[in-house]
Protein chains: 2
Amino acid sequence: MARPTINDVARAAGVSKGAVSFALHDRPGVAPATRERILKVAREMGWTPSARARALSVSKALAVGLVMARRPETLRADPFFPSFIAGLETVLSDRGYALLLQVVTDPDKARQSYRRLADEGRVDGVFVTDLLVDDERPALLAEIGLPAVIVGPGIENPYWPVVGADDAPGIVAAVEHLIALGHTRIAHVGGPSDVVHGVSRKQAWCSTLRAAGLPDSPFVETDFSAESGAAATRQLLDLVEPPTAVIYANDLMAMAGLSLAVSRGVDVPGQLSIVGFDDTEIAAHLQPALTSVRQDAIAWGAAAAIRLLELIDGTPPTPIELAPPALVVRASTGPVSTGAAHAAPAQRRRSTRERGRMEKQ
Amino acid sequence: MARPTINDVARAAGVSKGAVSFALHDRPGVAPATRERILKVAREMGWTPSARARALSVSKALAVGLVMARRPETLRADPFFPSFIAGLETVLSDRGYALLLQVVTDPDKARQSYRRLADEGRVDGVFVTDLLVDDERPALLAEIGLPAVIVGPGIENPYWPVVGADDAPGIVAAVEHLIALGHTRIAHVGGPSDVVHGVSRKQAWCSTLRAAGLPDSPFVETDFSAESGAAATRQLLDLVEPPTAVIYANDLMAMAGLSLAVSRGVDVPGQLSIVGFDDTEIAAHLQPALTSVRQDAIAWGAAAAIRLLELIDGTPPTPIELAPPALVVRASTGPVSTGAAHAAPAQRRRSTRERGRMEKQ
DNA sequence: TTGTACGCGTTATCAG
DNA sequence: CTGATAACGCGTACAA
């Protein structure tokens, strides 16, 4: 009982292939009665158009691609992709598009991937994530002629639309929150300087501090890994004048930093306030619960998909509103204390019970 | 400058389409000299076979599908998929297969997804993950006639091969490790009882305890979420006779449990030993560092892909060795102490410095 | 080696 | 206007 073809349906309905195709696409040229009959027969036979025949016929792949270029370690823990993909699906599946996924380990392989997807005609367009400051992919894709949408905080470029709320407001909110709590030495543990969302967060941090008239605070560059987050924290705590607050570029590093601080007997938030980024599921359940910045990855996915399909179809872009990231304040941030962070490790000033307070927002 | 077709190459090389096809597939029937010339021309023109034409021609999709059916929350934090997918790719891309991904929110939608992928002829086979104890998908796929490979600890079934090291040995190792440390009340915070890898872990825990002649220990069923992990821990600590060790079915819950214990002033591992599962990146950087069970998701991916392609091609299965999960012992597990876990919360018996010891393995 | 039918929808052309 | 016919897209495979 193989899948019926459009020919089977046509024969059963006593019409031609063309008539069936027209009927199913609500195209004029078929009498209402005939149309009904065709649709009924098609339904009864359980006919569904073959994506591959269609693809060949319309000269489209009816699929879009997502190439994730990451070191496996950073990918493992990234909370963004699953939600983002779920968001993509909400739009793609309705439109009959499939999502083709590739995971590669370095940017070089990513370029090969794009080339190959284009050469083989596997996809009609692709999403570009984790844009580098000096990223060659947009130009490459333009040269190949493969429509693309850049996802995330992106640098304006002559080639492709950028979809994704700027993450700067989230960092700005975090810095302002800390300033309101009395902090003046607010360090930033940021992502690699070659990644756009690494530098954009850093800039937001930096300019907000300056706007508040505060002196420069320490910055440590990392690769987004837990390891590097811990190392950065160690470095900061060892300063002669350690910061009283640290904003991390992701929750993973914030967690590592929090743990490191605790292991040194530094009270959080008594001696050190900590802010993460991503608002991962675990954030609210840490001890103390982690203040973090939340992004709506699902909405990003939906928006990116809409935009890419428009690009593919040549439809004019519809304006898409994306909510800016929101600061979720929890217990890991608090008023600046008089005691310095490098105080005697063994001592604790607040009972653990006291510290376990509830999420504020 | 559109993509050249096989006809363009044939014309340029002064041969027929068929000759080009033969030359490129290293099939006999083409003189060596001609073959060389054809290959040269094809290379110069930058010709690559069109996947869609090929797919229609060979009546195959040249793609396989992965449908992930999860509540978004549990998916978000799952460290398994990115690595697993990376593993798949290592095999698929070499064989010219693409991976088609779908993320759906409930099992019902998953079934629809499979149906649709099959109906539209989008894929030649699929991977089934997160098998339920009473899962309808294997039978459904058998009925549809869509080749499948079940990934993860799976119940033997009449339909499809199961790929993935049994996760029981990891749990067994964890229980034995705790027993060796003197624990006798070793609780388990397990996954949902309708998921195979939920019950398989539970059974391993249970039978290992019995084999050691220990009395039954408390068990709490969860949905793998941080929230439920924290709740389960609360429940366990509130017991009249709380456990001295807890094995969680994933790191996420273990982290939540660890945090909850800390917030109550329960010393880990002094009063309570904690074991996770997954060995996520953050595990080694927690305070205390988390003992956990590591699985090689990349190897699983590669193995699953190999097996699925064999199934599709009708090739006999090659035996695949998968390393069993390994217990990674860190600081969150220690010798059982005399003090009970429900001791006065505000007190701490060991200085924090003392607790910050190194990963053992 | 070449010529050509085939896979399966889509769409332009044309006769009724 | 209705609907049949045929060409098309692009590689594969088999008969000639």
Side-chain angles (χ1 to χ4, degrees), chain A residues 2-39 41-42 45-63 96-98 118-124 313, chain B residues 2-39 41-42 45-63 96-98 118-124 313:
Chain A
R3 286 159 28 84
T5 74
I6 199 172
N7 255 324
D8 299 329
V9 176
R11 210 174 308 126
V15 293
S16 70
K17 277 205 305 186
V20 176
S21 184
F22 276 39
L24 282 148
H25 288 272
D26 264 339
R27 286 268 255 303
V30 188
T34 320
R35 180 188 308 278
E36 281 312 312
R37 184 159 43 89
I38 293 172
L39 292 178
V41 171
M45 300 181 72
W47 178 78
T48 317
S50 150
R52 27 182 200 264
R54 246 183 118 238
L56 182 62
S57 180
V58 300
S59 297
K60 279 193 187 178
L62 302 175
Y97 265 73
D119 285 346
E120 297 181 347
R122 287 263 194 195
V123 297
D124 298 319
D313 294 344
Chain B
R3 288 161 25 85
T5 74
I6 199 173
N7 254 323
D8 298 330
V9 176
R11 209 172 312 127
V15 294
S16 71
K17 279 205 304 186
V20 177
S21 186
F22 275 22
L24 283 147
H25 289 268
D26 264 335
R27 289 268 249 308
V30 190
T34 320
R35 180 187 309 277
E36 280 313 311
R37 183 159 43 87
I38 293 173
L39 292 177
V41 171
M45 300 181 72
W47 178 78
T48 319
S50 152
R52 26 183 201 264
R54 234 169 87 72
L56 182 62
S57 178
V58 301
S59 297
K60 279 193 185 177
L62 303 174
Y97 265 74
D119 285 347
E120 298 181 346
R122 289 261 193 197
V123 297
D124 298 319
D313 294 342

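We name chains A, B, ... by the order of the sequence lines, and we start the count at 1 in each one.
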task = Under 4.0 Å from any heavy atom of chain A: name the first and the last nucleotide of DNA chain C that qualifies, 5' to 3'.
result = dC8(C) to dT11(C)
remark   = Residues at least two apart in sequence or cross-chain that pass salt bridge (charged side-chain N to carboxylate O under 4.0 Å, His left out) with Lys17(A), listed by chain then number, are none
task = Could you list the residues that satisfy salt bridge (charged side-chain N to carboxylate O under 4.0 Å, His left out) with Arg54(B), not counting sequence neighbours?
result = none
task = Look up atom OG in Ser57(A) and atom CG in Leu56(B), then write down how far apart they are to the nearest 0.5 Å.
result = 9.5 Å
ask   = Which part of the nucleic acid, if any, lies within reach of Gly14(A) when heavy atoms closer than 4.0 Å are counted: base, sugar-phosphate only, or nothing?
value = sugar-phosphate
key: Which residues share a salt bridge (charged side-chain N to carboxylate O under 4.0 Å, His left out) with Arg11(A), sequence neighbours left out   = Asp8(A)
inquiry  = Rounding to 10°, can you tell me the angle the first-five-pair axis of the helix from dT1(C)-dA16(D) to dG16(C)-dC1(D) makes with its last-five-pair axis?
reply    = 60°
task = Return each pair, listed once, that meets salt bridge (charged side-chain N to carboxylate O under 4.0 Å, His left out) where at least one residue sits in residues 18-28 of chain A; pairs must be two or more places apart or across chains.
result = Asp26(A)-Arg35(A)
query = Looking for any heavy atom pair under 4.0 Å, which part of the strands does Val30(B) touch: base, sugar-phosphate only, or nothing?
reply = sugar-phosphate
task = Check side chain to side chain donor-acceptor pair (under 3.5 Å) between Asp313(B) and all other residues, then give those that pass, not counting sequence neighbours.
result = Lys60(B), Arg95(B)
Test item: Leu62(A) and Arg122(B) side chains (from C-beta on) under 4.5 Å apart, heavy atoms = yes
inquiry  = Going by side chain to side chain contact (heavy atoms under 4.5 Å, CB included), name the residues that satisfy it together with Ser21(A), two or more places apart in sequence or in a different chain.
reply    = Ile6(A), His25(A)
ask   = Among all residues two or more places apart in sequence or in another chain, which pass the side chain to side chain contact (heavy atoms under 4.5 Å, CB included) test with Ser16(B)?
value = Ala19(B)
note = Per-nucleotide protein contact along nucleotides 5-16 of chain D, 5' to 3', at a 4.0 Å heavy-atom cut-off (B base, S sugar-phosphate only, - neither), is B---BBBBB---
key: salt bridge (charged side-chain N to carboxylate O under 4.0 Å, His left out) partners for Arg37(A), two or more places apart   = none
